Structures are given as structure tokens and as C-alpha cells.
Protein chains: 2
Amino acid sequence: MARDKEETKARILAAVGKLLAEAGFKGLGVNAIAREAGVDKVLIYRYFEGLPLLLQCFAKEGDYWPTVDELVGDESVAKAETLADWMAYLLSRFSDNLQGRPMTQEILRWELLEGNALTRELADVRDKFDLDSLKFLEEKQSFPPDKDIPAISAVLVAGVVYLMLRTKSSSTFMGIDFSSPAGWQRIQAALDSIVQLTVDGDN
Amino acid sequence: MARDKEETKARILAAVGKLLAEAGFKGLGVNAIAREAGVDKVLIYRYFEGLPLLLQCFAKEGDYWPTVDELVGDESVAKAETLADWMAYLLSRFSDNLQGRPMTQEILRWELLEGNALTRELADVRDKFDLDSLKFLEEKQSFPPDKDIPAISAVLVAGVVYLMLRTKSSSTFMGIDFSSPAGWQRIQAALDSIVQLTVDGDN
DNA sequence: TATCATGGTCACCGAGTGGTGACAAGCTGG
DNA sequence: CCAGCTTGTCACCACTCGGTGACCATGATA
């Protein structure tokens, strides 16, 4: 072949990404990766010392999570004032962002059913993002002491993630049809009203 | 062996259940099932015509979802009055019920990443349960026209399910520790307040 | 030109998978 | 008693998996 170690390593890493995005983490093995990369699998062992370290290397390379800043974008555009406004805004942006990251979705699926060393590492990154988001919110407006904002956020984020993962394979949930944008708009509206009524209320 | 066809079939089905509950659907193959059942795998083909039909048969046999009635239990005990009360009550019972059904959790995981024929069939049953729950609620009190109760329910149920599945492997989410009951209590409280403020409010 | 590390190819191993054909053990009816 | 059916056992197939050792090809260096 090209006799270029770095390029070969890059091709292997790229193959991991492609397979992960297209076929999911199932069947993500040495053979499949080598086949996809057009490379002999022995090179995987030579350059990465096996699959676990290859995946770890892959995990460190890509950015599978947005930063909070990236999510918020231009703050002046957000025109959010209250804490509820900011939460709704963040949730909405988070949802949109996740929708455009098939690989991240795949990783989320992965985390859900494998206590892998890789997934644990990725989960740490994700956890930091979650906490950053909460910190960002609290800086905007300190949390009301009578409400458990982290718990509320956890439920809503979890809901968004589950719906996202689920509706990829089966398009209906609780009688809502997610094959058309209308379904997601209903969810979006529900999230908005939940956040507004739950976070902004004064009881 | 015992030379009893029905008993053998029962043992095979039982093995499926045991493997599914203990090891998950990964590695749920003909060989593993036969090994677990202490039966030659050829009998699986003879009696069930292969793995897909075996799983389908398994799916039809067990009750992996509670009925709404089962979930509600003795209605007089519930002392729920408003629609919000009923929703919170159902959510709470749903959460508890799901926690005690490892096999159902496994099926939920399965649905999440395999467009299997089996999972699709199971998903139908689940969908019917969801709709039944909504119908039950609507009979208690018709939905306020200005709120999308199904969408709100979808988000909350999805959140519960995701947290349930996720915290089996990694015990922390959004800074909340789910290894102790305290974490779940926070979620429970968050659900209650969300439902009360979102559903019962009058705007 | 001869040496030698580097990058790449190929053949192979053991184990495990889904799937099948041939055959033995046991019961039932004639 | 024997024929025939059912139930169960065993050996085998082709295939894929992760993993390894031996070898070839190239290019730089002495």
C-alpha cells in the first residue's frame, strides 16, 4: 500500500467512525474495521495494540459532545431572560444538536448496555458536559431553593435522549408519530410548557 | 432424557427467560439456550423451527407488561383526585413496577437497538399499554384542551425509562447519584412537581 | 552493494456461531 | 414379536471471530 504509517492509522480511525455511524457498535470488531479501512487487521494490533486501545484512541480524537458555549451560541440571540427561558433554550438546542450527531447517538446506545472501558471514559466526558450545563444555568440565575433543578433537568434530558434513540427504529411512542416533524414539535412544545410551568412558578 | 416433548419445550422457554434476565439479549443464541436448558439444540429447530419463532413464542407466553388495572391496583387506595394526581400516581407505580421486571428492562434495551421482528411485536404490546394508560387517565378526567397530555406523558415516561436503563450500568447522571434510594427519591419528587405544576395549572 | 529496520501481506490457529443429517433409545399399535 | 413413530444424542458442516507468526517489499544507511 501507501507505506505511510500515519495515513494508515488515520484510515483505521476513520473506518471506526464510519462503521460506528452506519452500522452501530454491534459488529464493530477488528475484522470489520480492517475490512472497511482496506487494511490488514494485523496493523490494528501493531499500531493500536488491539481493539480496546484503538477505541480509546478514537474516543480521544473526536468531539462527540458539544461544549455548553457551542450549544448556546451567540447569547445575544437567545433572548432568554428567566431561568426557565434558559433551560428551555438549552434543552431545545441540545435536542437539535444531538439529532445531528449520529455517532453520539450510537455512543449513547452503547453506554446503555455495555459497561465497557471505552463507554465509561466517554460517559465521563458526557457527565462533565451535563454538570457544565447546570453550572451555566446557575450562573444565569441561581436555583430556587425549593426546587430540585438538577433532578428536573435529569428527567427532561433523559426523556429527550430516550425519545431520540427510540424513534430511530420505531417511529411511534405513546401514540405520537415521530416520523414527521409534527411529532417532535409536540415534544418540543411539551418541554417548553413543562419547563416554564415547573421552573418559573412561584410555589 | 425425560422423553416429554411439552416439558422439553417448557425448559427451552424457561432457559430463554433466564438467559435474557441474567445475561441480556447479547449472546442469546441457539447454542447458549440449549446449553442452559440442558437440551440438544437440534430440538430447538424441531420444536420451534429456529430461533426467531422461539423468541416469538416466548414473547407471546410471558407477561412483560403490567396491565393498567394491575398498575393502579385498588383504586380506593390511590386517593387521587385530580388528573395530575392520577398521572403522578401512575408514573410512580409504573416506575416501581418496571424496577421489579429485569426481563422487561432487557426487552426495552433490546428494542432500542435492534429492529428485530420480535422486538417489533413486543413494542406493539407496549404501545397498547401506553395508549391504555392514556385512555384510563382520560376517563378519570378529560384532558384540558390547551395542554398536550400525551406529549407530556411521553417525555416523562421516556425519562423514567431512560434513567432506569441507564442507572443499571453507570450509577450517576447529571450529578445525581442513583446508587442510593435518595437519588430515585429526588427523581420521584421531581416527577411529582412537574406533573402537578404542568398538568394541574390553569394557564 | 549488503544490512536492517519499517510497513504490509498472507496463512493459519482455536473457539464459538447457526444449522443439518444420521442414528440410537423408547413407546405404541398391529 | 416386529414395524413405525416420537424423542433425544452425536458428529459434522461452513462461517466468523479475535489473535499471532512467518514472510515479503521497500527504502535508508553503512
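Below, each value reflects all heavy atoms present in this structure, side chains not excepted, and no hydrogens, waters or symmetry copies. Fair warning: this is a prediction, and the values are worked out from it, not measured in the lab. So you know, we letter chains A, B, ... as the sequences are listed, proteins then strands, and number each from 1.
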How would you label the contact of B/Val42 with the nucleic acid (heavy atoms, under 4.0 Å): base, sugar-phosphate, or nothing?
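Base, at least one base heavy atom under 4.0 Å.
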Using only atom types and a distance under 3.5 Å, with no angle test, would you say the side chain of B/Ser169 pairs donor to acceptor with the backbone of B/Arg166?
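It does hold such a pair.
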Counting only N and O atoms by type, is there a donor-acceptor contact under 3.5 Å from the side chain of B/Ser92 to the main-chain atoms of B/Ala88?
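Absent.
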Note: A/Lys135-A/Glu138 ion pair, threshold 4.0 Å (strictly below):
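Not counted as a salt bridge, because no side-chain N and carboxylate O are separated by less than 4.0 Å.
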Give a yes/no answer on whether the side chain of [X] brings an N or O atom under 4.0 Å of OP1 or OP2 in [N].
{"X": "B/Thr8", "N": "D/dT7", "answer": "no"}
{"X": "A/Arg35", "N": "D/dT16", "answer": "no"}
{"X": "B/Tyr45", "N": "C/dG21", "answer": "no"}

Distance in angstrom units between [X] [atom1] and [N] [atom2], rounded:
{"X": "B/Asp4", "N": "C/dC27", "atom1": "CG", "atom2": "P", "result": "12 Å"}
{"X": "A/Leu43", "N": "D/dC24", "atom1": "CG", "atom2": "C1'", "result": "14 Å"}
{"X": "A/Phe48", "N": "C/dG8", "atom1": "CZ", "atom2": "P", "result": "12 Å"}
{"X": "B/Ile12", "N": "D/dT7", "atom1": "CD1", "atom2": "C1'", "result": "12 Å"}
{"X": "A/Tyr47", "N": "C/dT6", "atom1": "OH", "atom2": "P", "result": "10 Å"}
{"X": "B/Ile44", "N": "D/dT7", "atom1": "CD1", "atom2": "P", "result": "16 Å"}
{"X": "B/Asp40", "N": "C/dT17", "atom1": "CG", "atom2": "P", "result": "14 Å"}
{"X": "B/Arg3", "N": "C/dT28", "atom1": "CZ", "atom2": "C1'", "result": "11 Å"}

With sequence neighbours excluded, tell me which residues meet side-chain hydrogen bond (donor to acceptor under 3.5 Å, both in side chains) with A/Glu36.
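Partners of A/Glu36 by the side-chain hydrogen bond (donor to acceptor under 3.5 Å, both in side chains) criterion, ordered by chain and then number, come out as A/Lys18.
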Would you please say whether a donor-acceptor pair under 3.5 Å links the side chains of B/Ser179 and B/Asp177?
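Judged by distance alone, the side chains do pair up.
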In terms of the angle between their ring planes, are A/Tyr162 and A/Phe173 parallel, tilted or perpendicular, with boundaries placed at 30° and 60°?
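Plane angle over 60°, so perpendicular.
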Just to be sure I understand the geometry, which residues of residues 26-34 of chain B put a non-hydrogen atom under 4.0 Å away from DNA chain C?
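Per residue number, the list reads B/Gly29, B/Val30, B/Asn31.
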State whether the distance check finds a donor on one side and an acceptor on the other, under 3.5 Å, for side chain B/Arg46 versus base D/dG8.
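Result: at least one qualifying N/O pair found.
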Which residue lies toward the 5' end of DNA chain D, A/Lys41 or B/Glu6, if each is placed at its nearest nucleotide?
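Looking at the nearest nucleotide for each, B/Glu6 comes out on the 5' side.
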Would you say that A/Arg35 contacts A/Lys41 through its side chain, given a criterion of any heavy-atom pair below 4.5 Å between the two side chains?
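A/Arg35 vs A/Lys41: side chains apart.
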Hey, could you give me the CG/CD distance between A/Leu191 and A/Gln196, rounded to the nearest 0.5 Å?
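So the CG of A/Leu191 and the CD of A/Gln196 are separated by 11.5 Å.
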Nearest-0.5 Å distance that lies between atom CG in A/Leu112 and atom CG in B/Leu113:
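Here the rounded value is 8.0 Å.
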Starting from the first five and the last five pairs of the helix from C/dT1-D/dA30 to C/dG30-D/dC1, work out the angle between the resulting helix axes, to 10 degrees.
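The end axes of the helix from C/dT1-D/dA30 to C/dG30-D/dC1 are about 30° apart, to the nearest 10°.
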